[in-house]
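FYI, the numbering just counts along the sequence from 1.
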Amino acid sequence: MECDHGHHRLRHGRVSTPGQVYHLTIATRYRLPVFGDLRDARAVIQVMHCTALRNRSCSLCYVLMPDHLHWLIQLGEGSTLSALVRTVKSVSALRIGRPIWQAGYHDWAIRTEADVRAVARYIVANPLRAGLVARVGDYPHWDAVWLV
């Protein structure tokens, strides 16, 4: 019997709705600080941008922490969360040259515009809360479509 470490529970009730905004959290394998390496971090960010464009999804905000990614994305027409995440994980692992992602991911549908802004503020403040920088602008691996 193969153990899936409860990842099937992550999929239970998951719905992909075009136009819906989702907060995704994706962790690295064994929570290793893969993205302390600038080249690896930039490779993942490039893959995220290309994947969002290809899937007609809108990347609203992200922060790539040393051992996980927070991504606020509005899902495009005909796209699914599973396909989007699967593509980002597989292509970025190929570019970096080794397995880097933990199985599964967490997703939360964001209901209102006010919630979208609050989640974006939470996301970009992650490096501050982790003590990695004194100011958000000092952290190199984040972006947002608006000033948060």
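When each of Thr28, Asn126, Val63, Val34 is tested with His68 by the rule side chain to side chain contact (heavy atoms under 4.5 Å, CB included), just one qualifies, namely Asn126.
Rounding to the nearest 0.5 angstrom, the gap separating the OG atom in Ser82 from the CG atom in Asp107 is 8.0 Å. Atom-to-atom distance recorded for Thr80:OG1 and Arg86:CZ is 6.0 Å, nearest 0.5 angstrom. Between Ile100 atom CD1 and Ser92 atom OG the span is 4.0 Å, to the nearest 0.5 Å. Separating the CG atom in Leu64 from the CD1 atom in Ile123 is a distance of 12.0 Å, to the nearest 0.5 Å. In this structure, the separation between CH2 on Trp71 and OH on Tyr105 is 11.0 Å, given to the nearest 0.5 Å. Note that the SG atom of Cys61 and the CZ atom of Arg117 stand 10.5 Å from one another [nearest 0.5 Å].
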Apply side chain to side chain contact (heavy atoms under 4.5 Å, CB included) to Leu24 and Ile73, showing your working.
CA-CA 8 Å; Leu24 304 176; Ile73 189 158; 4.0 Å; yes
Verdict with reasoning, Val21 to Arg111, per side chain to side chain contact (heavy atoms under 4.5 Å, CB included)
CA-CA 8 Å; Val21 175; Arg111 303 292 178 212; over 6 Å; no
Let me see the working for Val124 and Tyr62 under side chain to side chain contact (heavy atoms under 4.5 Å, CB included), right down to the final yes or no.
CA-CA 7 Å; Val124 299; Tyr62 68 84; over 6 Å; no
Report the C-alpha separation of His70 and Tyr122 in whole Å, then their side-chain angles, then the decisive distance to 0.1 Å, and conclude whether the ring-ring contact (aromatic ring centres under 6.0 Å, His included) test is met.
CA-CA 10 Å; His70 287 282; Tyr122 166 82; 5.8 Å; yes
Could you check Leu84 against Thr51 for side chain to side chain contact (heavy atoms under 4.5 Å, CB included), going step by step and ending with a plain yes or no?
CA-CA 7 Å; Leu84 184 78; Thr51 302; 3.6 Å; yes
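A donor atom on one side chain and an acceptor atom on the other are not found under 3.5 Å apart for Trp101 and Ser90. Remark: the Arg95 side chain and the Gln46 side chain contain an N/O donor-acceptor pair separated by less than 3.5 Å.
Trp146 and Val136 fall within a single hydrophobic cluster, where Ile, Leu, Val, Met, Phe, Trp and Tyr are joined by side-chain heavy atoms under 4.5 Å apart, directly or via other members. Under the 4.5 Å side-chain heavy-atom criterion for Ile, Leu, Val, Met, Phe, Trp and Tyr, Tyr22 and Leu53 are members of distinct hydrophobic clusters. A continuous path of Ile, Leu, Val, Met, Phe, Trp and Tyr side chains, each step under 4.5 Å between heavy atoms, connects Val116 with Val145, placing both in one hydrophobic cluster. Criterion: ILVMFWY side-chain heavy atoms under 4.5 Å apart, direct or through other members. Under it, Val133 and Met65 are part of a common hydrophobic cluster. Residues Tyr30 and Val44 are members of one and the same hydrophobic cluster, defined by side-chain heavy-atom contacts under 4.5 angstrom among Ile, Leu, Val, Met, Phe, Trp and Tyr.
With hydrogens and angles ignored, the 3.5 Å screen pairs no side-chain donor or acceptor of Ser59 with any backbone N or O of Ala52. In this structure a side-chain-to-backbone donor-acceptor pair under 3.5 Å is missing from Ser57 to Leu75. Between the side chain of Lys89 and the backbone N or O of Ile26 there is no donor-acceptor pair closer than 3.5 Å. Of the possible donor and acceptor atoms, none in the side chain of Thr17 sits under 3.5 Å from a partner among the backbone N and O of Gln20. Arg56 contributes a side-chain N or O that, together with a main-chain N or O of Glu77, makes up a donor-acceptor pair within less than 3.5 Å. At distances below 3.5 Å, not a single donor-acceptor pair connects side-chain atoms of Gln102 with backbone N or O atoms of Ala27.
Residues Ser16 and Pro18 approach most closely at O-CD, 3.7 Å, considering heavy atoms.
In this structure, Arg98 and Asp40 have side chains that are in contact, with non-hydrogen atoms separated by less than 4.5 Å. The shortest side-chain heavy-atom distance between Leu69 and Met48 falls under the 4.5 Å cut-off. Taking the side chain as every heavy atom from C-beta outward, Ile110 and Leu72 approach each other to under 4.5 Å.
Ion pairing between a basic and an acidic side chain is recognised when a charged N comes within 4.0 Å of a carboxylate O; Asp37 and Arg42 show no such pairing.
Aromatic ring pairs are classed by plane angle as parallel below 30°, tilted from 30° to 60° and perpendicular above 60°; the pair Trp108 and His23 is tilted.
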